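Right, one structure below, let's go through it.
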Number of protein chains: 2
Amino acid sequence: MKPENIKVACSNCNLRELCMPVGLAPGELQRIDDLVATRRKVKRRETLFRNGEPFTSLYAIRTGVFKTRVASEDGRDQVTGFQMAGEIIGLDGIVNDQHTCDAVALEDSEVCVMPFDRIEELSREVTALQRHVHQIMSREIVREHGVMLLLGSMRAEERLAAFLLNLVQRLHARGFSRSELVLRMTREEIGSYLGLKLETVSRTLSKFAAEGMVEVEQRNVRIVDPDALRRIVNSPGC
Amino acid sequence: MKPENIKVACSNCNLRELCMPVGLAPGELQRIDDLVATRRKVKRRETLFRNGEPFTSLYAIRTGVFKTRVASEDGRDQVTGFQMAGEIIGLDGIVNDQHTCDAVALEDSEVCVMPFDRIEELSREVTALQRHVHQIMSREIVREHGVMLLLGSMRAEERLAAFLLNLVQRLHARGFSRSELVLRMTREEIGSYLGLKLETVSRTLSKFAAEGMVEVEQRNVRIVDPDALRRIVNSPGC
DNA sequence: CGCACGGTTGACCTGTATCAAGCCGGGTGG
DNA sequence: CCACCCGGCTTGATACAGGTCAACCGTGCG
């Protein structure tokens, strides 16, 4: 039996607690298994979905990292988020039955494909799933509020410090180090997300390094003094 | 019978098509009426809910205008949106059962209070409502993507032009003029939303006026040349 | 091996913030 | 009824954060 044919099952997936509701009855858990239709591999730089494509499914990231980005009529684009294992992408497509952003893999990745009509069907019957879907969407709204605060009122150093702390915190929640991380995205992508130019990202990283708050070597970052970064984020900057 | 005691009924509310799903069966429509527990009046400058308060309900705006804002630990705050008749607020509270932002009335307003557990209950049975709730949340996510694009990559003129066009378009969808509008918020609130200082908002408005694109008198704004504003938004500015 | 992409750093420029002064209109109290 | 006051707004002068342009470097991929 080839690996691809192994029955996909949330019930024994080690990421379950990240992307699925907890405290399900055994019978409910079994039904959840039916949510995932297939898995799909997405290679680095390939898109999982693109702006304008019909919306059919939400995707739970199993492995790898994605960025989502929106574009305006004129060429500009904006990275709207970086997503990692256990996170759900594709929510933007629900409202008009088509995606309004691109999801691009930053490294070879794999996602669970969850057809949205199946999600709706099942969440009519499993209230914990219904609640969970609502929470996922609400969480995304709250996250974006935070990004708006960052983009609207923080200075470059504050933005980058907040970004690094957020990244390492999410990685730590997934069992990685609480101080070391590997940036899967370029300086330009970080800059797009933070509303800065790549040179500013680079300079600011260098500045943090010069002040002994982080060690940077290529895309490997070590958070030496997380409190100093926190102080920067919470400084009454302006 | 005092006005307050008139049975609240979505089924004969003229805003229904803005905040409720369309194409409901007669029986379903009747059940929707039960969603709205009460109405609530909120005077200018008062809050509908505040960061930290327990989440119980979503609110459909009947009359008036609100702003929502988030705050960081240090005093900074950021306006995350301006909401008007037919729009739904409170979605931020779902994920942690408490609100994470403040909703402040910009003028005397009235909202329909829709207890969220009742929404969840009913949307298990009325699939059009379920779909509708998902769409409302997805629409908010997409709107915030747009704001991120604006904050992350647009210049002051572009931001303000986009803001004015968005506002007048929403007002027009509600039966108001497509060219005249009354700003219900201060320059400072506009600035907070757009990531600008109030002086920049004022200067940019003056510049638009000097170039004959708009007429500004206090909070009354007349869009004289919407195409010029659109050109600014879509200019390959940077 | 070499090329191209990603990154760093420097010099300079500019858009927006900051600081400051003054205006306007509407509400309040004498 | 008028004078005053205050919040909201405008406008000018100046400062500075971050953008822009440019040169260069390292590295890893083809």
Side-chain angles (χ1 to χ4, degrees), chain A residues 43-45 67 75-76 78-79 104 106-108 150-164 182-211 214-221 232 235-238, chain B residues 43-45 67 75-76 78-79 104 106-108 150-164 182-211 214-221 232 235-238:
Chain A
K43 291 195 110 58
R44 189 164 124 88
R45 291 172 203 271
K67 70 172 175 184
R76 270 184 297 219
Q78 169 76 24
V79 171
V104 185
L106 297 180
E107 58 182 33
D108 294 356
L150 179 144
L151 290 173
S153 74
M154 292 186 173
R155 298 156 6 79
E157 290 181 25
E158 303 174 291
R159 294 182 199 192
L160 195 63
F163 172 74
L164 291 174
V182 178
L183 301 173
R184 302 265 108 124
M185 67 293 288
T186 66
R187 304 290 192 263
E188 184 169 24
E189 288 164 333
I190 297 172
S192 172
Y193 181 59
L194 299 178
L196 303 169
K197 293 293 161 184
L198 70 96
E199 294 95 328
T200 304
V201 173
S202 179
R203 269 186 250 273
T204 308
L205 270 180
S206 299
K207 181 161 183 241
F208 287 173
E211 292 172 0
V214 302
E215 286 165 20
V216 183
E217 188 188 347
Q218 308 282 113
R219 298 199 177 175
N220 303 297
V221 176
I232 287 181
S235 73
C238 51
Chain B
K43 290 194 112 55
R44 190 164 122 86
R45 289 171 205 272
K67 70 172 175 184
R76 269 182 300 217
Q78 169 76 23
V79 171
V104 185
L106 297 181
E107 59 182 31
D108 294 357
L150 180 144
L151 290 173
S153 74
M154 290 186 174
R155 301 163 352 84
E157 290 181 25
E158 303 174 292
R159 294 182 199 191
L160 194 63
F163 172 74
L164 291 174
V182 178
L183 301 173
R184 305 262 101 123
M185 66 295 287
T186 67
R187 304 288 192 263
E188 184 169 23
E189 288 164 333
I190 297 172
S192 171
Y193 181 58
L194 299 178
L196 302 169
K197 293 294 162 183
L198 69 94
E199 294 96 328
T200 304
V201 173
S202 179
R203 267 186 250 274
T204 308
L205 270 180
S206 300
K207 181 159 183 243
F208 286 174
E211 292 174 358
V214 302
E215 287 166 20
V216 183
E217 188 188 347
Q218 308 281 113
R219 298 200 178 175
N220 302 296
V221 176
I232 287 181
S235 72
C238 49

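Remember, predicted model here, so these are calculated numbers, not experimental data. The sequence lines fix the lettering, A, B, ..., with proteins before strands; numbering per chain opens at 1.
For dC9(D), the OP1/OP2 oxygens have a side-chain nitrogen or oxygen of R187(B) closer than 4.0 Å. Residue S206(A) places at least one side-chain N or O closer than 4.0 Å to OP1 or OP2 of dT9(C). Between R219(A) and dG6(C) there is no side-chain N or O to OP1 or OP2 distance below 4.0 Å. Distances shorter than 4.0 Å separate none of the side-chain N or O atoms of T200(A) from OP1 or OP2 on dG18(D).
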Inset, instruction - Show the numbers, then the answer: is there a side chain to side chain contact (heavy atoms under 4.5 Å, CB included) between E158(B) and L150(B)? - result: CA-CA 8 Å; E158(B) 303 174 292; L150(B) 180 144; over 6 Å; no
Legend entry - Working for side chain to side chain contact (heavy atoms under 4.5 Å, CB included), residues L106(A) and E189(A): CA-CA 10 Å; L106(A) 297 180; E189(A) 288 164 333; 3.7 Å; yes
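Using a 4.0 Å heavy-atom distance criterion, G195(B) is classed as a sugar-phosphate-only contact. Nucleic acid contact class of L205(B) (heavy atoms, under 4.0 Å, all strands): none.
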Can I get a per-line list of side-chain donor-acceptor pairs under 3.5 Å for residues 198-210 of chain B, giving both atom names and the distance, sequence neighbours left out?
residue, atom, partner, partner atom, Å
T204(B), OG1, T200(B), O, 2.6
S206(B), OG, S202(B), O, 3.0
K207(B), NZ, E157(B), OE2, 2.4

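Rounded to whole Å, atom P of dT8(C) lies 13 Å from atom CZ of F208(A). In this structure, CD of Q218(A) is placed 11 Å from C1' of dC25(D), rounded to the nearest angstrom. Atom CG of L196(B) and atom C1' of dT18(C) are 14 Å apart (whole Å). As rounded to whole Å, 15 Å separates atom C1' of dT11(D) from atom NZ of K207(B). Atom CD of E157(A) and atom C1' of dC16(D) are 13 Å apart (whole Å). When the C1' atom of dA20(C) is taken as reference, atom CG of L198(B) falls 13 Å away, rounded to whole Å. The CD atom of E217(A) sits 12 Å away from the C1' atom of dG26(D) (whole-angstrom rounding). Here dT16(C) presents its C1' atom at 16 Å from NZ of K197(A), a figure rounded to the nearest Å.
Around CD of E188(A), the count of heavy atoms belonging to other residues, nucleotides or ligands within 6.0 Å does not exceed 12.
At least one donor-acceptor pair under 3.5 Å links the side chain of S192(B) to the backbone N or O of V79(B).
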Would you tabulate the pairs of protein nitrogen or oxygen atoms and nucleotide nitrogen or oxygen atoms of nucleotides 10-13 of chain C closer than 3.5 angstrom?
residue, atom, partner, partner atom, Å
dG10(C), N7, R203(A), NH1, 2.9
dG10(C), O6, R203(A), NH2, 3.1
dA11(C), N6, R203(A), NH2, 3.3

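Considering only the side chain of R45(B), dG8(D) comes nearest among dT20(D), dG8(D), dG25(C). The side chain of R155(B) lies closest to dG15(C), out of dG15(C), dT10(D), dT8(C).
Residue E107(A) is tested with R45(A), R184(A), K67(A) for a salt bridge (Lys or Arg N to Asp or Glu O under 4.0 Å); the sole match is R184(A).
For the pair Q218(B)/L183(B), no side-chain contact is recorded, criterion being any heavy-atom separation below 4.5 Å from C-beta on.
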